[in-house]
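Counting starts at 1 for both ligands and their atoms, in listed order. Since the structure is predicted, the reported quantities are computational estimates derived from the model, not experimental observations.
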Amino acid sequence: MSFSFEVLQNDRTDARRGRLTTPHGVIETPVFMPVGTAATVKGLTQDALEELGASIILANTYHLYLRPGHELIRKLGGLHAFMSWKNAILTDSGGYQVFSLSELRKISNEGVRFSSHLDGSEHLLTPEKAAEIQLALGSDIAMVLDECIKTPAPRDVAQAALKRTTEWARRARRYFLDCAERSGIPPQWQFGIVQGATFADLRRESARQLLELDFPGYAVGGLAVGEPHEVTCEMAEVVTELLPKDRPRYLMGVGRPEQIAGYVARGIDMMDCVLPTRAARHACLYTSEGRVLIKNARYIEDQRPIDPNCSCSVCRRYTRAYLRHLFAAGEITAAILATHHNVRFYLDIMGQIREAITFGHLENFASELRARYAAGPT
Ligand SMILES: [Zn+2]
């Protein structure tokens with residue numbers, strides 16, 4: 001099975017329901033990708049992820065390159081075999097982590113030189129190297145190296161980063177296509193990343209330049225990094241208006257449960273975020289009625305499930321009182337159960353969004369969820 005994407009249905013917003021086919025299964029879009037940083041989604045086994053219905057997960061190139069190393073993973077049969085995961089995997093380019101985790105880094109046109117946050121060792125990540133690492137990992141979808149900048153950024157800084165991002169994308173594309181030609185089959189899909197900070201004209205310029213490189217899919221990067229939510233939405237919209245309708249669009253690093261449908265309504269097909277897993281470890285549970293901060297004393301005797309509308313194995317079996325006790329006692333099971341539920345909640349939202357697109361009521365669904373979350377945590 002090779003790669004393809006087809007749009008099955010449009011909605012009166014810009015939302016689309018689609019089907020992304022990879023050698024590791026078919027992905028119904030819009031899709032949410034749980035984050036499996038170091039070849040594991042924290043708190044979940046691969047059995048649990050399969051039970052939850054995760055059709056694609058994200059893994060971090062930066063972390064896997066530093067530990068255990070992409071050559072070791074290649075030797076052991078690639079990331080799917082190494083972590084025993086049969087469904088699809090998207091890897092990021094490592095750029096975001098280099099810019100956010102590494103204290104010592106020096107950027108040049110060649111690439112970005114950085115020291116490992118683990119042991120201080122020096123490394124050079126170039127567009128070619130990021131592509132090479134992801135080919136070794138054997139992910140289904142690979143991202144090009146881009147320059148990530150702090151937001152809010154002055155216009156000249158954003159413009160310079162955009163220029164470099166395009167140049168790096170060109171080099172990454174060339175490297176990737178050469179490798180694909182040598183091996184005879186496209187080993188993975190490579191996506192470009194639109195940058196341009198919070199400047200609509202720069203976002204458009206970035207998108208136009210990347211379109212010339214003819215990527216099979218496009219991501220919108222550098223958003224949801226501290227700018228107001230309305231700005232994130234505006235920038236996503238500005239970009240998706242220019243992107244080809246027959247290719248997947250991926251908004252990186254989003255979002256909150258009540259925001260997801262809004263991104264979909266702006267034409268986004270794929271998303272990833274650490275929120276459901278990270279919040280779970282901090283005792284924050286997402287439910288159909290809003291956020292539940294389970295450590296709160298009001299749950300001491302609460303015999304209800306986390307979410308009465310959720311059919312996950314945790315909600316079927318355990319009470320809020322028990323979850324609260326596990327968190328209070330610092331038991332690792334607390335994080336495991338909470339993560340299980342939160343990931344299921346996100347995947348359920350995506351299922352409901354796909355259904356809402358089919359029946360043409362996405363806007364209603366989005367506003368109802370926003371209203372429930374506006375009330376604040378309970
Ligand atoms: Zn549940």
Decide if the gap between the ring center of Tyr62 and the ring center of His117 is smaller than 6.0 angstrom.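 Yes, they do, as the ring centres are separated by less than 6.0 Å.
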
Result of checking His123, Glu71, Glu132, His70 against Tyr65 for side-chain hydrogen bond (donor to acceptor under 3.5 Å, both in side chains):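 It is His123; the other options fail the test.
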
Could you please give the number of protein N/O/S atoms within less than 2.8 Å of the Zn ion (ligand 1)?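 Protein N, O or S neighbours of the Zn ion (ligand 1) under 2.8 Å, waters not counted, come to 4.
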
For atom CZ of Arg67, is the number of surrounding heavy atoms from other residues, nucleotides or ligands below 6.0 Å larger than 12?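 Counting other residues, nucleotides and ligands, CZ of Arg67 stays at 12 neighbours or fewer.
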
Sub-4.5 Å side-chain heavy-atom contact between Met235 and Val231: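 Yes, at least one pair of side-chain atoms sits under 4.5 Å.
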
Can you tell whether the side chains of Arg204 and Glu241 come within less than 4.0 Å, N to carboxylate O?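 Judged by the 4.0 Å cut-off on N to carboxylate O distance, Arg204 and Glu241 do not form a salt bridge.
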
Ignoring hydrogens and geometry beyond distance, is a side-chain donor-acceptor pair present between Ser313 and His340 at under 3.5 Å?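 Looking only at side-chain atoms, His340 and Ser313 do form a donor-acceptor pair, the distance falling under 3.5 Å.
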
